[in-house]
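In what follows, a single structure is set out as structure tokens and then discussed.
Just so it is clear: chains get the letters A, B, ... in the order the sequence lines come, proteins before strands, and each one is counted from 1.
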Amino acid sequence: MSDPVTNLRSAVEGSAAALRGDAHDPPASSPTLERPPRADFGDFSTNAAMLLAPVLGEPPREIAARLAEELGGRLGEDVEKVEVAGPGFLNLFLADAWYRRAAAAMLTAGEDLGRPPAPEEPERVLVEFVSANPTGPLTAAGGRHAAYGDSVARALEFAGHPAAREYYVNDRGGQIERFAESLAARMTGGETPEDGYEGEYVAELSERLQADGVGPDDLDWLARQGAEMMRAHIEETLRRYGVEFDTWSSERELYDSGAVEQVLADLRGHGHVYESEGAVWLRTSDLGDDKDRVLIRFGGEGTYYLADIAYHRQKLERSGGRILDVLGADHHGYMDRLRAGLAALGLEPERLEFAIIQLVHVVDGGERAQMSKRKGEFVTLDELIDDIGVDATRFFMLQRSHDTTVDLDLELARRTSNENPVYYVQYAHARIASILRKAGGDAETRAAAADVTAVSPPAEPAERALIKRLCELPDEVSEAAARRAPHRLCAYATATAADFHAFYRDCQVVGAEGEGVEESRLAICLLTKRTIARTLGLLGISAPERM
RNA sequence: GCCCCCGUAGCUCAGCUGGAUAGAGCGCCGGCCUUCUAAGCCGGAUGUCGGAGGUUCGAGUCCUCCCGGGGGCGCCA
């Protein structure tokens with residue numbers, strides 16, 4: 001059965017095309033099919049007539065009147081009336097028949113419920129995120145990056161765009177050396193070096209390393225082993241958090257494989273490289289950056305930037321599509337120079353996309369916790385998970401747009417944990433599970449097989465509102481994926497839960513009166529349960545059967 | 001000085017790439033459990049959308065400037 005929302009949309013587009021005729025070009029954008037701001041504006045509204053107005057050179061409301069007639073004819077018994085409103089909107093008032101068919105169509109979707117239509121051109125996206133240095137445990141900020149990148153990848157995959165998750169490990173360079181020196185200092189009882197790392201985890205790690213026979217004398221070996229142990233710990237934290245990476249890329253390997261050397265040679269070949277003050281520079285100021293950048297430091301050591309160009313070239317090759325870098329706000333200055341680096345190689349910088357994640361402030365009892373990885377003062381992701389759980393942590397991190405700062409008040413999250421927005425959504429899911437249990441062991445089977453079109457009494461407003469909400473999931477998934485905006489799914493989950501709670505209030509399910517009503521409502525419950533589980537799943541949040 | 005993000009209800013934030021009388025959660029006030037989970041529901045109060053111009057049929061949304069908050073501007077990553 002075809003999807004009723006898609007049918008509606010094509011009816012609107014078809015009517016608009018018919019009215020326009022062949023003599024005019026189509027409007028710049030396709031008409032909206034949206035939820036009107038008020039219930040008495042109908043079930044759906046469209047701006048199609050307003051878009052046609054400049055094309056046809058006629059007043060919007062006149063076009064709307066003709067469009068209403070055309071559309072009414074096309075929709076037949078699905079529509080009760082089409083009204084012209086405001087500056088030229090068309091408000092569609094749909095019949096129960098449309099709602100019942102919409103529910104029936106969703107029932108046949110099974111596990112594909114909410115999946116948007118397959119994209120015409122699937123886009124491979126390699127998402128690199130977290131990539132925190134292996135010099136300490138993940139902090140709360142890492143938790144935001146992890147939740148965001150993972151959820152974007154989940155949305156992309158569900159929308160039909162193959163996504164890969166990648167973590168880039170900076171396992172060499174100055175910070176790793178400071179890290180190794182700090183570990184060695186712990187072992188020998190010496191002073192922590194300037195810009196070194198402190199904190200309990202440094203002591204614990206140095207003990208574990210010594211137990212494994214790694215001593216303070218061979219700093220290079222210590223650096224490798226220390227970084228690897230830390231990396232493994234980060235991986236474990238992420239797994240606990242529900243995030244699994246497809247690939248772990250190593251900066252050190254880029255050197256070992258000769259990829260860094262090769263990229264330097266190629267940059268030289270493209271003629272953007274020069275030497276000055278004993279260092280080797282890339283003339284990025286010719287390519288959109290505000291100043292030139294060092295590739296090889298005074299002393300012969302390659303910079304992080306040089307390896308990063310090699311890394312991004314490799315990612316472009318491996319991705320075969322787009323690459324998405326999820327970076328912290330403090331790295332935003334990195335965008336121009338990275339694009340410039342790729343342009344210097346003759347690659348396409350527009351295949352590189354950035355998501356800049358704003359900061360997370362962990363607040364404890366009104367006071368901001370200091371966050372310094374080097375001093376070992378921070379709230380770790382592990383502590384956060386221990387405190388408020390994976391589900392609440394992910395929801396808190398995801399519910400806000402990535403370009404706004406998150407203030408996470410631990411005390412509040414602990415103290416009022418059952419007022420947490422995530423529980424509101426999970427509760428709706430658990431409530432439905434409870435209804436299905438109450439309806440008997442075969443309730444899900446009955447619901448899935450129900451003929452929801454064979455119902456005689458008219459649908460309750462709450463039923464219609466809920467079904468309409470469920471119909472929106474494919475659009476929400478598409479938007480969340482296309483705009484890299486998983487926070488929309490949090491809002492959608494909350495709205496769906498609210499619509500369900502209203503349905504629950506108004507509509508008795510088990511033992512409902514009327515021909516086919518109980519079966520039909522069981523089916524709506526099942527659809528809502530699947531919708532909530534799917535939405536939470538895209539956020540990496542569990543959907544409990546009981547609470 | 002330059003670059004990025006933010007400024008919307010008492011608080012924390014949405015606002016579907018320009019649409020109708022700007023929303024949600026928390027908090028506040030008042031109601032609802034002998035009926036499928038009250039972690040729920042219903043009703044109520046609160047807004048110069050930071051400010052000033054501009055673009056057009058229409059601006060919280062786009063452009064310019066200003067104010068305020070945060071972050072960055074390294075031969076660290």
Aromatic stack A/Y424/B/G25: centroid gap under 5.5 Å, interplanar angle under 30°: no

Any N/O donor-acceptor pair, A/H501 side-chain to B/C41 base, under 3.5 Å: no

Pair of N/O donor and acceptor under 3.5 Å linking B/G70 base with A/H361 side chain: no

NZ/NE/NH1/NH2 to OD/OE distance under 4.0 Å, A/K529 and A/E444: yes

Side-chain donor/acceptor contact of A/Q358 with base of B/C5 under 3.5 Å: no

Closest to the A/D330 side chain, choosing from B/G71, B/A39, B/U35: B/G71

Distance test, side-chain N/O of A/R293 to OP1/OP2 of B/G74, below 4.0 Å: no

Six-ring centre of A/Y274, A/R283 cation under 6.0 angstrom, axis tolerance 45°: yes

Sub-6.0 Å ring centroid separation between A/H501 and A/Y424: yes

Base-contact (B) and sugar-phosphate-only (S) positions in nucleotides 42-49 of chain B, heavy-atom cut-off under 4.0 Å, - elsewhere: S-------

Annotated protein contacts, base or backbone, on nucleotides 9-16 of chain B with a non-hydrogen cut-off under 4.0 Å, one of B, S, - each: ---SSSSB

Contact under 4.0 Å: A/Y504 side-chain N or O vs B/A39 OP1/OP2: no

